[in-house]
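Following: one structure in structure tokens, then a few remarks.
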Amino acid sequence: MAKKKKKNRPEPESLGLPRVGVESHAHLDLEDFDEDREAILARARDCGIARIGNVFLGPDAYEKNRHLFDDHPEVFFLLGVHPNDSGTYQPEQLVRMREHFRAESRLKAVGEIGLDYYWERVPNDIQQRVFAEQLELARELGLPPVIHSRDAHEDAVAVLREGGFIGQPVLWHCYGSGPDFARELLDYGWTISIPGPVTYRKNEELCEAAKLIPLDRMVIESDCPFLSPEPWRGKRNHPALTGFTAAFIATLKGLSSEEVWEATGQTAKRFFVL
């Protein structure tokens, strides 16, 4: 039987990007990184990342894991109850979240929050209620929400509209749709986050969307440990690999990788007030 040819996978260090990039959405507190978290953070710095947004999935995760980043001021925080966890949501979680946001200046956004109809784990009406309550918290705190929406775009936009977020700072996390919906989000005044799957061969619609989104309304994310970009698709994702996403977007836009890296970093810094 013929041996399978080993795929040539260039390392992110080979991109030579300056340390001005922002990785807007990582889950570095998950156990996937328990063995090498410090090395992963060091590698992100070496590969041009100045700031990383770590997303805590609910107050329990925040209280348990925030200490992991005590020695890493480059890491800022997001906190919210994910829609797939909204079935066990209790009002006291919102109380605890409010207290944490008021006490910790590194908490920069309420997220990821929203709707997920793909997995059908929680009834839609419960998801919508928990989403709306967290949007109200974001409004109260004067912080932007970061939106998770899967197979629920129409309802997610409706909840945001009802909450008065048209024309307000909103970040659409892990964008995976085509150019038409991207135009709609841009018309609402929102910012769009592009993940690694933009590099996948059959994602023509997402590529078309990335072409039209201006860099001052675009940020880049890993969503690690998920959704590694090419040439590391199928392997554990980590922040340093966002450089490949930036480089691919640069080819779509006819720009240099450095231009996309710096511009999306500046957009993230403005959005999160870093």
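Keep in mind that what you see is a predicted model, and the values were worked out from it rather than measured.
- Ring centroids of Phe181 and Trp172 are separated by less than 6.0 Å, placing the two rings close together.
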With side chain to side chain donor-acceptor pair (under 3.5 Å) as the test, would you mind laying out the steps for Asn237 and Asp223 before giving the verdict?
CA-CA 8 Å; Asn237 201 4; Asp223 201 21; over 6 Å; no
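- Using the six-membered ring where Trp is involved, His25 and His27 have ring planes that are perpendicular, over 60° apart on the 30 and 60° scheme.
- Two residues are said to be in side-chain contact when any heavy atoms from C-beta on lie closer than 4.5 Å; Trp119 and Asp151 fail this criterion.
- Residues Phe33 and His238 form a side-chain contact, since some pair of their non-hydrogen atoms from C-beta on lies under 4.5 Å apart.
- Both Leu215 and Phe244 are assigned to one and the same hydrophobic cluster, defined by single-linkage of ILVMFWY side chains at heavy-atom distances under 4.5 Å.
- With a 4.5 Å cut-off on side-chain heavy atoms, Gln128 and Asp155 count as touching.
- In the hydrophobic clustering of this structure, Leu206 groups with Leu185; members are Ile, Leu, Val, Met, Phe, Trp, Tyr whose side-chain heavy atoms approach within less than 4.5 Å, directly or through other members.
- Phe77 and Ile147 fall within a single hydrophobic cluster, where Ile, Leu, Val, Met, Phe, Trp and Tyr side chains are chained together by heavy-atom contacts under 4.5 Å.
- Considering all non-hydrogen atoms of both residues, Val20 and Lys269 come closest at O-NZ, 4.2 Å.
- Checked for salt-bridge contact, Glu74 and Arg45 meet the test: a charged N lies under 4.0 Å from a carboxylate O.
- Following chains of ILVMFWY side-chain contacts shorter than 4.5 Å, one cannot reach Leu274 starting from Ile220, and the two form parts of different hydrophobic clusters.
- Ion pairing of Glu63 with Arg96 is present here, as a side-chain N (NZ or NE/NH1/NH2) and a carboxylate O approach within less than 4.0 Å.
- Contact of the Leu78 side chain with the Phe272 side chain is registered, since non-hydrogen atoms from C-beta on lie closer than 4.5 Å.
- Between the side chains of Ser86 and Gln127, no donor-acceptor pair is found at a separation under 3.5 Å.
- Both cation-pi conditions hold for Arg233 and Tyr200: the charged atom is under 6.0 angstrom from the six-membered ring centre and inside a 45 degree cone around its axis.
- You'll find the side chain of Glu133 stays beyond 4.5 Å of the side chain of Leu137, heavy atoms only.
- Look at Glu208 and Lys211 and you find a salt bridge, because one of the NZ, NE, NH1 or NH2 atoms lies within 4.0 Å of a carboxylate O, short of that distance.
- The backbone N or O of Val81 sits less than 3.5 Å from a side-chain atom of Gln134, completing a donor-acceptor pair.
- Put simply, Val219 and Ile52 are part of two different groups of oily side chains (I, L, V, M, F, W, Y) that touch within less than 4.5 Å, one to the next.
- Not one N or O on the side chain of Asp32 forms a donor-acceptor pair closer than 3.5 Å with the backbone of Pro225.
- Within the cation-pi definition used here (under 6.0 Å to the ring centroid, within 45° of the axis), Arg150 qualifies as a partner of Tyr118.
- Under the 4.5 Å side-chain criterion, counting only non-hydrogen atoms from C-beta, Leu15 is not in contact with Cys47.
- When all heavy atoms of Tyr175 and Ala209 are compared, the pair lying nearest together is CE2-CB, 3.7 Å.
- Heavy atoms from other residues, nucleotides or ligands lying under 6.0 Å from CD of Glu92 number more than 12.
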Stepwise side chain to side chain donor-acceptor pair (under 3.5 Å) test for Ser14 and Glu11:
CA-CA 6 Å; Ser14 68; Glu11 300 292 345; over 6 Å; no
Run the side chain to side chain donor-acceptor pair (under 3.5 Å) check on Tyr89 and Gln93 step by step: do they pass?
CA-CA 7 Å; Tyr89 169 83; Gln93 289 178 277; over 6 Å; no
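- Arg37 places a side-chain heavy atom less than 4.5 Å from the side chain of Leu68.
- Side-chain contact between Ser222 and Thr245 is absent, with no heavy-atom pair separated by less than 4.5 Å.
- Remark: side-chain polar atoms of Arg121 are not paired, donor with acceptor, to backbone N or O of Asn84 under 3.5 angstrom.
- Using a 4.0 Å cut-off between charged nitrogen and carboxylate oxygen, Arg43 and Glu38 do not count as a salt-bridge pair.
- Salt bridge status for Glu140 with Arg98: present, with a side-chain N to carboxylate O gap under 4.0 Å.
- Put simply, the side chain of Trp261 never gets that close to the backbone of Val22: no donor and acceptor are under 3.5 Å apart.
- Each of Val170, Ile113, Thr191, Leu171 was scored for a side chain to side chain contact (heavy atoms under 4.5 Å, CB included) with Val146, with one residue passing: Leu171.
- To the nearest 0.5 angstrom, Tyr117 atom OH is 9.5 Å from Glu154 atom CD.
- Taking each heavy atom of Ile213 and Lys253 in turn, the nearest pair found is O-NZ, 2.7 Å.
- Tested against Ser177, the residues His153, Glu184, Glu205 include a single side chain to side chain contact (heavy atoms under 4.5 Å, CB included) partner, His153.
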